[in-house]
2 protein chains.
Amino acid sequence: MWFARRKGFEQLLREQAAAWAAKWEESDIVIEGDAAAQQGIRFNIFQLNQTYTGEDERLNIGPKGFTGEKYGGTTYWDTEAYCLPFYLATADPQVARNLLIYRYKHLPKAIENAEKLGFTGGAALYPMVTINGEECHNEWEITFEEIHRNGAIAHAIHDYIRYTGDDSYLAEYGIEVLVGISRFWAQRVNWSSAKNQYVMLGVTGPNEYENNVNNNWYTSTIATWTLEYTLKALQHVQETEPARYAELVAKLKLNEEKEPAQWQHVIDHMYYPVDEELGIFLQQDGFLDKEQTLVKDLPASDRPLNQKWSWDRILRSVFIKQADVLQGIYLFEDRYDLETIRRNYDFYEPRTVHESSLSPCVHAILAAKLGDEERAYEFYLRTARLDLDDYNNDTEDGCHITSMAGTWMSVVQGFGGMRVRDNQLHFNPFIPAGWSSYSFKIRFRGHLLNIKVTKDNVQIENQSAEPLTLQVFDQAQTIDAHSKAEIAHQLA
Amino acid sequence: MWFARRKGFEQLLREQAAAWAAKWEESDIVIEGDAAAQQGIRFNIFQLNQTYTGEDERLNIGPKGFTGEKYGGTTYWDTEAYCLPFYLATADPQVARNLLIYRYKHLPKAIENAEKLGFTGGAALYPMVTINGEECHNEWEITFEEIHRNGAIAHAIHDYIRYTGDDSYLAEYGIEVLVGISRFWAQRVNWSSAKNQYVMLGVTGPNEYENNVNNNWYTSTIATWTLEYTLKALQHVQETEPARYAELVAKLKLNEEKEPAQWQHVIDHMYYPVDEELGIFLQQDGFLDKEQTLVKDLPASDRPLNQKWSWDRILRSVFIKQADVLQGIYLFEDRYDLETIRRNYDFYEPRTVHESSLSPCVHAILAAKLGDEERAYEFYLRTARLDLDDYNNDTEDGCHITSMAGTWMSVVQGFGGMRVRDNQLHFNPFIPAGWSSYSFKIRFRGHLLNIKVTKDNVQIENQSAEPLTLQVFDQAQTIDAHSKAEIAHQLA
């Protein structure tokens, strides 16, 4: 205070302005030809940078940030599933790394949490909601059933390393979290003699309009993905840092003979519900027993369901609160061909009421991938100005901070088609019909890029001192330091 | 008070003693050769008569009666499923009738309750717990999922008429309740295009160690039974009391063309989970996906599960709190051959932890039916002195009143093998090895009977002024007024 007073208002203002200028330099999105969209996305980016600076790994992101009391400042899986990509792409890697270390430091509490439920041997179940590592939610159908959050926390480690290339994170922190979560999954499944496969009973998926279902496809998929990734991660550390590997084996009391073999057995024999005839993954066992009505058949007066219908009716209906199977397809899209993605999208989207603000972004990204630019833009619009326009009449509860990160994802991963694969950035952009251009800033492994998409072409400016090779429309492009490449749009 | 003072203590005591003598005259059970068993059953009968006299149809039976504050004096399905048989067999028919009228008077509230959940057109969902007809429970997995109680309330009407022969109850009261409940079931099922059958999604069966399951066999079975019985009841009233029938059609706004046809369609196309290979009914979809461990494999230190295990573990385990499929087989036993009953009993009993005091009586009755006298007696013992010996260390919460009625059922329907079929009493008694004799009193359609079972024979004394024909060991016996028949035990 005394220090601030000595600096004086003018100096503080200059420093504040400079700090924000640096933030904008790295994270701005510019939209030309649509002032409302421009205002919306900048409001969101401002709020995200306002909420989390990444300087203190004891802090995390609440769904309302510091803008409202709803959710009490606690942390959800929103951080890993929706916010991480924004901070990875627009800030120093330390920022995203601190979000991960937050969970690393809560590992002992996650192990305690699992022990309370009867899990043993270092199995970790991260809380659905937390402020200090302990479970702060109080409903059984959420706390010990909505366990897919454990997978999101594992996946965030992969996401961070894929983006940053910071493999060292595994040996230093990641492995311990991955092993804890893998131990949980391996105990959480059980062998079904009837199916001769492992099943995952009694779960609640991302679609919270279902409770206590068996074999939620998303949860089972992210569970075995975690096991696979943990096995790879262990192998990587063993090969690259054998001394640290030995240390970890001792610290974690890892049974090198039994545990990896058991995990592999689960990977090899997991049951996933599918419908062969429709060619889709089933959200859960028995999903097709529900009355197969569509959102378009719902009278407007019935919406939103969570205000107009009884919980009984919602639970038994086919209607989906937020992306569930599609969330899994989004996370693991490289596993599925376009036709599989399309069939699932075409099946699930018409049953999804998007009554979570975290739902549309996933649909926007998948619609974009499927070439449905109009729907992608529609989904983007649903959240872009959610709080500026108080669209859901609930901004007084606070801004939808984590959903704002989803809106950012809609632009960058949806319209921009940005992905990271094999240590390279990929872009497959299109431009929404009503915009004359848009551009976004991306930090990637020491490079700062400005990607501008116009009606005519895609301009990628490498603002850093090293050349960078990346993929645009699946063609390699090497862009020299302080240079710009222009690539013509592909014909659809 | 003034009136009581004028009578004086001696007179009041005499009146009280005479009133109790009359109760015992109609409801006593005498066990010779086992003083502890004698004390146990008399304590139970005393408590049952102390709890409910049947003089006021605004009153009902709480699981703790007036002996403790647990359950707050509210009424559960225990009344219909466990208590009704006691009052039917040991008191004036008006007593059981008043228990039914209690529900009749709550019908408007049951319709309101269903409306709150989105049901329409007079569908009635009776509350899980009530004191005034409104739902007094607060957990979704119970209030709108444990809907089998609706079936028990319908079945009680059938039970009352089967026992008393009082067909007039249907036209006067029963039909309205049956139609309300049938309308609920018809809306609560939905057509599964995948199965080409009706399914019943999102229910909790009598086994409360499962929540939100699909196609609970017991619930689906009692649902279609209700529809069948309602159709028969409507036909009966139409044939016997056409004027009253017309009145009811108008009052209930019964669509005579559509509603009965729709109910019949549900009856004809209902899905029930079964396992053909094991030859059993499945408690619910996916039950065989659970790890098939048995109660005998549980370490003693894990019991009772509800104190030692997390709710997560209990829900996902195979262990059954109280009879579920077997409850259905008990209610509708005439539908199933002995081998079917045996296969289901042999499958489910070893998975049942009986952590509800309402569970053993059903198992005692089925074990007796299957000729397993030893197990029948074992099950009887579990509840016979539950409160006298404070067996579960919880008598301070109050006595297990409704479970006491179950103990009475174990003796009369289990050991005594008493049933009512085709307007006749049936007995198939055996005597537990350690007893020298037991006898019980039964009121049946104006007759008072004393049934005594000794090591040698079955003695049935008709204490009334009219002869009675009944079936003992499936042989007709006509017993004259004020006479006794002696029938030798059958060889097993």
Side-chain angles (χ1 to χ4, degrees), chain A residues 113-120 125 139-141 143-145 147 187-204 209-215 271 273 275 277-278 282 284-293 302 305 308-318, chain B residues 113-120 125 139-141 143-145 147 187-204 209-215 271 273 275 277-278 282 284-293 302 305 308-318:
Chain A
N113 186 40
E115 279 169 354
K116 283 178 195 161
L117 299 176
F119 295 86
T120 56
L125 175 60
E139 287 168 352
W140 65 268
E141 60 270 31
T143 55
F144 60 74
E145 294 217 325
I147 52 180
Q187 291 174 42
R188 188 54 166 74
V189 298
N190 70 274
W191 183 256
S192 160
S193 311
K195 290 197 167 63
N196 254 321
Q197 281 175 302
Y198 289 97
V199 291
M200 179 105 68
L201 305 181
V203 297
T204 297
Y209 286 177
E210 303 277 354
N211 279 158
N212 196 39
V213 302
N214 293 332
N215 301 304
Y271 163 78
D275 187 83
E277 207 173 309
L278 295 169
L282 279 185
Q284 71 227 23
D285 279 357
F287 188 77
L288 294 178
D289 278 339
K290 289 170 175 267
E291 203 186 334
Q292 297 295 321
T293 46
D302 283 17
L305 299 184
K308 304 299 178 69
W309 279 18
S310 69
W311 187 229
D312 176 38
R313 217 169 152 194
I314 290 175
L315 273 185
R316 288 189 288 118
S317 85
V318 80
Chain B
N113 185 41
E115 280 170 353
K116 283 178 196 161
L117 299 175
F119 295 86
T120 56
L125 175 60
E139 287 168 353
W140 64 268
E141 59 271 31
T143 56
F144 60 74
E145 295 217 325
I147 51 179
Q187 290 174 43
R188 187 55 165 74
V189 299
N190 70 273
W191 183 256
S192 160
S193 311
K195 288 197 168 62
N196 253 321
Q197 281 176 301
Y198 289 97
V199 292
M200 178 104 69
L201 305 180
V203 296
T204 297
Y209 286 178
E210 304 278 353
N211 279 158
N212 196 38
V213 302
N214 293 333
N215 301 305
Y271 163 78
D275 188 82
E277 207 173 307
L278 295 169
L282 278 185
Q284 71 228 22
D285 279 357
F287 188 76
L288 293 178
D289 278 339
K290 289 169 174 267
E291 203 185 333
Q292 298 295 321
T293 46
D302 283 17
L305 299 183
K308 302 301 178 68
W309 277 18
S310 70
W311 187 230
D312 177 38
R313 217 170 152 193
I314 289 176
L315 274 185
R316 288 190 288 118
S317 84
V318 81

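The chains referred to below are lettered A, B, ... by the order of the sequence lines, with proteins before strands, and numbering in each begins at 1. Heavy-atom basis, side chains included; hydrogens, waters and symmetry copies ignored.
In terms of heavy-atom pairs under 4.5 Å with chain A, the best-connected choice from B:Leu288, B:Leu201, B:Thr143 is B:Leu201. Contact tally against chain A (heavy-atom pairs below 4.5 Å) for B:Asn214, B:Val199, B:Asp275, B:Leu117: the top residue is B:Leu117. Of the listed residues (B:Arg313, B:Glu141, B:Arg188, B:Lys116), the one with the most heavy-atom contacts under 4.5 Å to chain A is B:Arg188.
Within the 4.5 angstrom heavy-atom criterion, atoms from both the backbone and the side chain of B:Glu291 approach chain A. In this structure, chain A has a heavy atom under 4.5 Å from the side chain of B:Phe119, while its backbone stays farther away. Looking at B:Glu210, neither its backbone nor its side chain comes within 4.5 Å of chain A, counting heavy atoms on both sides. Heavy atoms of B:Asn190 lying under 4.5 Å from chain A belong exclusively to its side chain. For a residue to count as touching a neighbouring chain, one of its non-hydrogen atoms must lie under 4.5 Å from one of that chain's; by this rule A:Glu277 does not touch chain B.
Between A:Trp140 and B:Trp311, the ring planes are perpendicular. Angles over 60° get that label, and only those under 30° would be called parallel.
Taking CG from B:Asp312 and CD1 from A:Ile147, the interatomic distance works out to 7.5 Å, rounded to the nearest 0.5 Å. Taken to the nearest 0.5 Å, the OG atom of A:Ser192 stands 8.5 Å off from the CD atom of B:Gln292.
Under the side chain to side chain contact (heavy atoms under 4.5 Å, CB included) criterion, A:Lys308 pairs with no residue, sequence neighbours left out.
What you find for A:Asp285 and B:Asp289 is that their closest heavy atoms are OD2-OD2, 4.2 Å.
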